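What follows is a short report on a single structure.
Indexing begins at 1, ligand by ligand and atom by atom, following the structure's order. As the structure is a computational prediction, the values presented were derived from the model and not from experiment.
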Amino acid sequence: MARATVQHPEGTGNGPAPGERGTAPLVTAEEAVVGYERPVLGPLSFRVRPGDVVGVWGPNGAGKSTLLKAIAGAARVHRGRLERPPDLRLAYQAQRPARLAEMPVKGRELLAVMQADDRRPPERLRPWLEQRLDRLSGGQLQLLTIWACLASGARLVLLDEPSNNLDPEGIDLLVELLGARAAGEAVLVVSHEAPFLERVATRHLEVGA
Ligand SMILES: Nc1ncnc2c1ncn2[C@@H]1O[C@H](COP(=O)(O)OP(=O)(O)OP(=O)(O)O)[C@@H](O)[C@H]1O
């Protein structure tokens, strides 16, 4: 079973980083072991606080997606604690979001369902608002659903491999969006792309080390 370590920019360790004390965590993991019928990852201890963009990285099969699912309530916590405030709004973008052959829903309607229609989307996304989701390319749908998560008002956003399928301009836009998070919000980002994580993460959680 894989373990994990948390690295703060200011140093390493699992305690709060300088400057983050006194801010109520959005996720608290204490010796948490997560998995499905069987444990796959842990024990891990870390906190996610408002303002964090936590880059989760590690080898294939280490349990990165499982960790996000456990935080979202879609995988089990076998031992220890993995908690978030009960009233916390959370948005989750899966590694391979469901893509049906027929999706007769427009981009604009997706944003409305996600309560992400209050904010004006970036210029690049606007042409897709009037298109059906099943007529968008993989990368276009990926960017639109990421925007829907980030603009939904969720205080905690979980993104699993969000840079998959994206061209360099799409990655630049994603970096810009993640850098523009409101101070009260936090993001966990799973990625295999170290240069991408270096650009977006304020902290790193290494899984399977
Ligand atoms: N629904 C499931 N039920 C049981 N085991 C699962 C399930 N989903 C994943 N696993 C197992 O959990 C382990 C961790 O998988 P997970 O997808 O979390 O890893 P990962 O670090 O995200 O991998 P990758 O980098 O390849 O996406 C793997 O051994 C996988 O086979």
Side-chain angles (χ1 to χ4, degrees), residues 1-8 12-14 25-48 52-84 88 90-100 137-150 154 156-168 170-171 173-175 177-178 181 186-209:
M1 199 169 37
R3 294 184 67 90
T5 57
V6 181
Q7 298 165 0
H8 301 290
T12 60
N14 289 334
L26 303 181
V27 179
T28 302
E30 282 183 6
E31 297 292 306
V33 175
V34 298
Y36 303 93
E37 278 185 30
R38 296 182 182 176
V40 299
L41 173 65
L44 28 71
S45 299
F46 63 90
R47 283 170 172 64
V48 179
D52 284 342
V53 177
V54 180
V56 183
W57 64 289
N60 290 128
K64 302 178 297 297
S65 298
T66 305
L67 173 60
L68 293 200
K69 288 179 193 167
I71 294 170
R76 280 178 61 183
V77 180
H78 286 265
R79 293 197 299 279
R81 288 204 303 141
L82 183 62
E83 295 176 355
R84 51 187 164 90
L88 182 75
L90 177 150
Y92 169 54
Q93 161 94 1
Q95 185 172 1
R96 280 175 286 273
R99 188 172 175 138
L100 307 175
S137 74
Q140 290 170 337
L141 183 61
Q142 176 96 352
L143 263 180
L144 194 63
T145 51
I146 290 169
W147 166 258
C149 289
L150 294 173
L156 179 65
V157 176
L158 310 175
L159 300 176
D160 200 343
E161 300 284 358
S163 58
N164 277 1
N165 297 318
L166 299 187
D167 59 26
I171 291 177
L173 177 58
L174 182 54
V175 171
L177 295 176
L178 289 172
R181 305 295 299 145
V187 187
L188 271 92
V189 188
V190 168
S191 179
H192 284 107
E193 294 180 35
F196 167 68
L197 282 186
E198 283 304 316
R199 292 175 71 189
V200 299
T202 60
R203 299 168 58 194
H204 296 276
L205 175 61
E206 184 178 357
V207 169

Can you sort out the partners of Glu193 under side-chain hydrogen bond (donor to acceptor under 3.5 Å, both in side chains), two or more places apart, ordered by chain and number?
Ser163
With a 4.5 Å limit on heavy-atom distance, are the side chains of Val190 and Gln95 in contact?
no
Enumerate, atom names and distances included, each donor-acceptor pair closer than 3.5 Å involving a side-chain atom of residues 36-44, sequence neighbours excluded.
unit_1	atom_1	unit_2	atom_2	d
Tyr36	OH	Thr66	OG1	2.8

Whether the side chain of Arg181 engages the backbone of Asp52 through a donor-acceptor N/O pair (distance < 3.5 Å, no angle test) should be reported.
no
Would you call Glu83 and Arg47 a salt bridge, using N to O less than 4.0 angstrom?
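No salt bridge links Glu83 with Arg47.
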Using salt bridge (charged side-chain N to carboxylate O under 4.0 Å, His left out) as the criterion, list what pairs up with Arg76, not counting sequence neighbours.
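Partners of Arg76 under the salt bridge (charged side-chain N to carboxylate O under 4.0 Å, His left out) test: none.
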Which N/O atoms of ligand 1 sit under 3.5 Å from a protein N/O, and at what distances?
unit_1	atom_1	unit_2	atom_2	d
ligand 1	8 (N)	Tyr36	OH	3.4
ligand 1	18 (O)	Ser65	N	3.4
ligand 1	18 (O)	Thr66	N	2.9
ligand 1	18 (O)	Thr66	OG1	2.5
ligand 1	19 (O)	Gly63	N	3.3
ligand 1	21 (O)	Ala62	N	3.2
ligand 1	21 (O)	Gly63	N	2.9
ligand 1	21 (O)	Lys64	N	2.9
ligand 1	21 (O)	Lys64	NZ	2.8
ligand 1	22 (O)	Ser65	N	2.9
ligand 1	22 (O)	Ser65	OG	2.9
ligand 1	23 (O)	Gly61	N	2.9
ligand 1	25 (O)	Asn60	ND2	3.2
ligand 1	25 (O)	Lys64	NZ	2.7
ligand 1	25 (O)	His192	NE2	2.9
ligand 1	26 (O)	Asn60	ND2	3.0
ligand 1	27 (O)	Gln95	OE1	3.3
ligand 1	27 (O)	Gln95	NE2	3.4

